[in-house]
Amino acid sequence: MRFLTVTHFFESHGGGIERVAAQICRHLSAQGHVASWAASAGDTLLDERGVEALPLPCINPTEALTGLPMPIPGPRGTVRLWSAVKGADVVVIHDALYCTSILAMVFAKLQRRPVILIQHVAEIAFASAMMRRVMALANRIVTRPMLRSADQVVFISDTVRQFFAGARMKRAPLLQFNGVDTAIFHPGAPERGAFGLPDGRPLVAFVGRFVEKKGLSILQAVARRCPDISFALAGAGPIDPRQWDLPNVHLLGSLPPERIAALFRSADTLLLPSVGEGYPLVIQEAMAAGLRVICGEESARADPAASEWLQGVDVDLQDIAGSADRVCAILTGLEAQSASSRQAMIDYSQRHYSWAGFAARLASVGQALSRRG
C-alpha cells in the first residue's frame with residue numbers, strides 16, 4: 001500500500017503533531033508499506049528511515065503574528081501535492097484546520113483517493129475573544145465538513161472525540177492513542193548535571209512549543225510565584241522566556257527525543273498548562289519515564305483509563321493569575337507518588353501506547369477503504 005501523509009510541517013518544527021506523523025510514517029514503512037510525507041518545505045524530516053519526504057514550497061505569515069502555524073502552499077507546492085495525492089493509495093491527513101490538509105482533502109476527492117483524517121485537537125480557548133470566535137467559526141465551516149468528507153476519522157483523545165460527537169461522519173470514528181518509543185522513554189538515573197541544572201531543589205520540566213495555547217503565560221506566573229522551584233523549558237517558538245528575567249527558569253532549546261527522556265528522568269514533575277489539545281505526546285512519554293504530570297483538565301481526561309495518574313488543573317488563558325494559583329496549589333501540595341502507583345503508570349503506558357500498533361491499525365483501515373474503492 002502507498003500511504004501519503006499530509007501535515008503542516010515536518011518534525012524538525014518541533015510540534016507534537018509532526019512527531020506523531022513521523023513515527024507513524026516510519027512504522028508504516030517498517031511494516032512493508034510505501035510511506036511518503038508532504039509538508040511545508042520550511043522544515044525537514046529529521047530521520048527519514050524509509051520515508052520519502054515531499055517538501056511543499058509554502059509561505060507562513062501567521063505564525064510570527066499569532067503563534068498559529070499555517071503554511072500556505074504556493075503554486076509549485078500545490079502542483080506537487082496534487083501529484084503526491086495522485087500517486088497514493090490512501091491519503092492520511094493530520095488535523096483539519098491547515099491549508100495543506102484542506103488542499104489534500106479536495107485533491108483526494110477529485111482523484112477518488114480514500115482519506116483517513118486523524119484529528120488531534122478540538123477547540124482552543126485563546127485569551128483573545130476574537131481568536132476564540134475565529135476558532136469556533138473555523139471548526140464550524142472547515143473542521144466539521146472535513147470530518148464529514150473523510151472516509152475514516154481517527155481521534156487520538158477521548159476529549160476530542162466527545163467534542164465532535166455530534167458531527168456527521170461516514171463511519172463510526174476510531175479512538176487510537178499515540179504510541180511511545182519505550183526504548184527511549186523509560187525510567188533511569190537522573191542526569192541534571194548534563195543539563196547544567198541545580199541539584200537540591202525541585203525541578204519542573206516543560207516540553208513543547210513556546211506559544212500561547214501551551215500556557216506559557218501561566219508557566220511564567222507559576223515560576224514567579226515559586227522561586228524555590230527550578231523550571232527547565234525545552235522547546236522553541238515566538239514567545240521568548242528569556243524576557244521573563246527569572247533566575248529559576250532554565251532554557252534548554254529544542255531537544256531530540258533522547259534528551260527529552262533524560263530530562264524526564266531528571267525532573268520531579270512535567271507541567272503542561274495547555275488548552276485546546278487532545279492528548280499531548282509528551283504526557284504519554286513522561287508517564288513511560290515514570291514522571292508525574294500536571295496538565296490541563298481536558299488532557300488529563302484524554303485517556304480515561306490513565307486519568308488516575310494525571311493531575312488535571314482548570315486552565316483559563318483569560319485568567320492567568322487564577323490559573324497560576326491553581327497550578328501552584330497542586331504543585332506545592334502534591335505528595336510523592338508511591339512506588340506501586342508509579343510502576344503501574346509505567347506498565348500501563350508501555351502496554352497500551354504502541355506506534356507499531358497504531359501503524360498496523362491505520363494500514364488495516366487503509367486496506368479496507370482501498371478495497372471498497
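When all heavy atoms of A104 and L81 are compared, the closest pair comes out as N-CD2, 3.9 Å.
Judged by distance alone, with hydrogens and angles left aside, the side-chain atoms of R209 form no donor-acceptor pair with the main-chain N or O of G235 at under 3.5 Å. Judged purely by atom type and a 3.5 angstrom limit, R2 has no side-chain atom pairing as donor or acceptor with the backbone of V34. At distances below 3.5 Å, at least one donor-acceptor pair connects side-chain atoms of Q111 with backbone N or O atoms of W82. Between the S323 side chain and the I320 main chain, no donor and acceptor come within less than 3.5 Å of each other. Distance alone, capped at 3.5 Å, is enough to place a donor-acceptor pair between the D95 side chain and the H120 backbone.
Remark: T5 OG1 to L28 CG distance equals 6.5 Å, nearest 0.5 Å. The distance from atom CG of L175 to atom CD1 of I156, rounded to the nearest 0.5 Å, is 9.0 Å.
F177 pairs by the ring pair (Phe, Tyr, Trp, His ring centres under 6.0 Å) definition with Y279, not counting sequence neighbours. With sequence neighbours left out, F185 forms a ring pair (Phe, Tyr, Trp, His ring centres under 6.0 Å) with no residue at all.
Between Y348 and W309, the ring-plane angle classifies as tilted under the 30° and 60° cut-offs. Note: F358 and W355 have parallel aromatic rings, judged against thresholds of 30 and 60 degrees for the angle between ring planes.
Remark: K109 engages D151 in a salt bridge, criterion side-chain N to carboxylate O under 4.0 Å. Between R19 and E285 there is a salt bridge, since at least one side-chain N of the basic residue sits less than 4.0 Å from a carboxylate O of the acidic one.
A donor and an acceptor atom, one from each side chain of S230 and R201, are located under 3.5 Å apart.
For CZ of R361, the number of neighbouring non-hydrogen atoms (other residues, nucleotides, ligands) closer than 6.0 Å is greater than 12. Residue D199 qualifies as enclosed at atom CG: its count of foreign heavy atoms under 6.0 Å is above 12. Counting heavy-atom neighbours within 6.0 Å of R242 CZ, excluding the residue itself, gives a total of 12 or less. Counting heavy-atom neighbours within 6.0 Å of K170 NZ, excluding the residue itself, gives a total above 12.
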Enumerate donor-acceptor pairs with a distance under 3.5 Å from any side-chain N or O in residues 246-260 to protein atoms, sequence neighbours excluded.
residue : atom : partner : partner atom : Å
N248    : ND2  : A223    : O            : 3.0
N248    : ND2  : C226    : O            : 3.1
N248    : ND2  : I229    : O            : 3.0

